[in-house]
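Bear in mind the structure is a predicted one, so any value in this text is a computation, not a measurement. Just so it is clear: chains get the letters A, B, ... in the order the sequence lines come, proteins before strands, and each one is counted from 1.
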Amino acid sequence: MGNFIRPLSDAVAYVASDDLWIESDATRQLLNTARLPGMTRVVGMPDLHPGRGYPVGAAFFSVNHFYPALVGNDIGCGMGLWQTSLQSRKVNLDKLEKRAQSYSDAAPPEWLEAALPPTLAAHPYAASLGSVGGGNHFAELQQVESVYDDEAVSALGINAKQLLLLAHSGSRGLGQQILRAHVERFSHSGLEEGSDAANDYLAQHNDALTFAVANRALIARRLLEHFREEGERLLDVNHNLVEPYVFNGQPGWLHRKGATPASCGPVVIPGSRGDYSYLVQPLNSGDALDSLAHGAGRKWMRTECKGRLSGKFSPAQLARTPLGSRVICRDRQLIYEEAPQAYKSIESVMECLTGAGLVKPLARLKPVLTLKTSGERSE
DNA sequence: ATGTCC
């Protein structure tokens, strides 16, 4: 067990194995971030990779102060899973792909007007609701490929003969605006627990969490309506946030920067669009700050993907994956940035999580159709 | 990551 949770210093550890790809830049960022005042425990997940100053795929515990800059711009980013009424064996992939081509990521204003409750309709960022966005966000139809625990899978409300819908998105422009306003006043320094500035940030942050959960629900609702299917939400968890937490009996603040909570029941650890995803039951993981990987994690920087892949693959070729799934993405740059080759293998990440005793796999999910329909971007 | 720098 201890072999998979590896110490880097007194306060810092990371979950890894000999077969896992971890960039030295990422562990360097992990150690740097651990030096912030008040930081007492830092754990890198197996999907750890370098970010802008702070690494992605890690959990950070601090006392007395917390750090909005560490949470980042996408406050409330997370994963929602829906059971759909689409029968797996009846799916015609060509037809499904064609139907998805006519889906636009931005929700029509008249649709939003009818769909939003009054509290959300009045929100300044209401126009973003129901849209997936860019970067690593996606909506994906998945087939239940293997079930390892029938009872747990049924208890979640899953019908293994019907497709699942996984939505990965966040608070869109809202979180961006909250971070920008914070950094303008306080740069990257922390906020003192209980101060007016801290309470003000937390109020905005919590609004963004609610907004992000609603966004994922509206994405699912729009997609299900588009395919004329029914659906039911099975789970929804945030992996970018800061929350009160007690570590070794000491109250403080847990920052999740791409770190899925292990304390909210079963969750999905998604692989890249060309790889499997795993539905898992989290196990006790106080050593890992009650956190899990939030995906496979990047292997290549965004800026190097097109150069490494465009000579070998056309965008049309990358719209079909090794597992037979289809990808809808109108942004030619993103097709390369989000290619399966740019990500670690999900098996290598899962080996670390199971090896460290952090999860029990419940089912393996195979991608069928991945949607990333954000608009054209030239270069 | 982003109602993304016009």
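For the residue pair Q341(A)/W300(A), the side-chain donor-acceptor check at 3.5 Å is not satisfied.
Separating the CZ atom of R52(A) from the P atom of dT2(B) is a distance of 13 Å, rounded to the nearest angstrom. The interatomic distance linking H168(A) (NE2) with dT2(B) (P) rounds to 9 Å, in whole Å. Between R302(A) atom CZ and dT2(B) atom P there is a gap of 10 Å when expressed in whole angstrom units.
Applying the side chain to side chain donor-acceptor pair (under 3.5 Å) test to pairs two or more places apart or on separate chains, those with a residue in residues 119-132 of chain A are H123(A)-D207(A), S131(A)-R172(A).
Non-hydrogen atoms lying under 4.0 Å from DNA chain B are contributed by R172(A), G173(A), Q176(A), all within residues 171-182 of chain A.
Listed by chain and number, the residues in a side chain to side chain donor-acceptor pair (under 3.5 Å) with D105(A) amount to none (sequence neighbours excluded). Remark: D25(A) pairs with R28(A) by the salt bridge (charged side-chain N to carboxylate O under 4.0 Å, His left out) rule, at least two apart or across chains.
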Residues 51-65 of chain A, side-chain donor-acceptor partners within the protein, below 3.5 Å, at least two apart:
{"from": "Y54(A)", "atom 1": "OH", "to": "H188(A)", "atom 2": "ND1", "distance (Å)": "2.7"}
{"from": "S62(A)", "atom 1": "OG", "to": "H65(A)", "atom 2": "O", "distance (Å)": "2.6"}

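At the heavy-atom level, G170(A) lies nowhere under 4.0 Å from the strands shown.
Within the hydrophobic cluster formed by Ile, Leu, Val, Met, Phe, Trp and Tyr side chains joined at under 4.5 Å, directly or through other members, W21(A) stands alone, with no partner residue.
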